[in-house]
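The structure appears below as C-alpha cells.
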Amino acid sequence: MGLAKTEIFTGDQNQIAIYAKAFSHPARVAILQHLFKINTCICGDLVDVIGLAQPTISQHLKELKLLGLIKGNVEGTSVCYCIHPENWTKMKTVMNQFLDQDLEGNNSCC
C-alpha cells in the first residue's frame, strides 16, 4: 500500500481517521468495552476476557495507547491500563461533530 499522504488533508480529517483506527478491529473495541465495564485499571487479565494471546493483546493495547484513548502505568513487572478520560471526551466531541452531519432538504442524487 502506498503512502497515506496525510499532509494533503486537514487536521480534523486526520484526527477523525486516527480515532476511527481505534474502532477498526473488534479486539480493540472489546478492550475498550471491558475497560469501561470494570471502570478501573486492569493489569493483565485481558487474555482471559478477550480470548486472544498475550502478544496480540499487547499489540492492541499499544495501539490504543498510541491513539491516546487509554493510558498505562507501570506497577511492578506489569503495566496497568485504563481509559484516558480527557482524551476519550475529546475523541467523542470530534467524532460526534463528524457523525452528526445530515443532508439538508430532499437529496435525490441516486
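Quick note: residue numbers are just sequence positions, from 1. Bear in mind that the values here come from a model prediction, so they are computed numbers and not experimental data.
- Residues forming a side chain to side chain contact (heavy atoms under 4.5 Å, CB included) with I16 (at least two apart in sequence, or on another chain): V94, M95, F98.
- Residues that satisfy the side-chain hydrogen bond (donor to acceptor under 3.5 Å, both in side chains) test with S58, not counting sequence neighbours, are Q54.
- Applying the salt bridge (Lys or Arg N to Asp or Glu O under 4.0 Å) definition to pairs two or more places apart or across chains, none involves residues 88-98.
- Listed by chain and residue number, Q15, L67 satisfy the side chain to side chain contact (heavy atoms under 4.5 Å, CB included) test with I18 (two or more places apart in sequence, or in another chain).
- Here M91 contributes atom CE and T93 contributes atom OG1; the two are 9.0 Å apart, rounded to the nearest 0.5 Å.
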Under 3.5 Å, side-chain donor or acceptor atoms of residues 34-43 against the rest of the protein: list the pairs with distances, not counting sequence neighbours.
none

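- Annotation: side chain to side chain contact (heavy atoms under 4.5 Å, CB included) contacts of Q33 (sequence neighbours excluded): V29.
- Screening residues 50-73 for ring pair (Phe, Tyr, Trp, His ring centres under 6.0 Å), with sequence neighbours left out, gives H25-H60.
- For E86, the side-chain hydrogen bond (donor to acceptor under 3.5 Å, both in side chains) test picks out H84, with sequence neighbours left out.
- Here the shortest heavy-atom pairing between L69 and A22 reads CD1-CB, 3.4 Å.
- Distance check: I31 CD1 to I50 CD1 gives 5.5 Å after rounding to the nearest 0.5 Å.
- Listed by first and then second residue, the salt bridge (Lys or Arg N to Asp or Glu O under 4.0 Å) pairs involving residues 10-29 are K21-E63 (not counting sequence neighbours).
- Under the 4.5 Å side-chain contact rule for hydrophobic residues, V47 and V49 share a cluster.
- Under the side-chain hydrogen bond (donor to acceptor under 3.5 Å, both in side chains) criterion, Q59 pairs with no residue, sequence neighbours left out.
- By the 4.5 Å heavy-atom criterion applied to side chains, I70 and L32 are counted as neighbours.
- You'll find the side chain of V79 stays beyond 4.5 Å of the side chain of L61, heavy atoms only.
- The side-chain heavy atoms of D100 and N96, taken from C-beta on, include no pair separated by under 4.5 Å.
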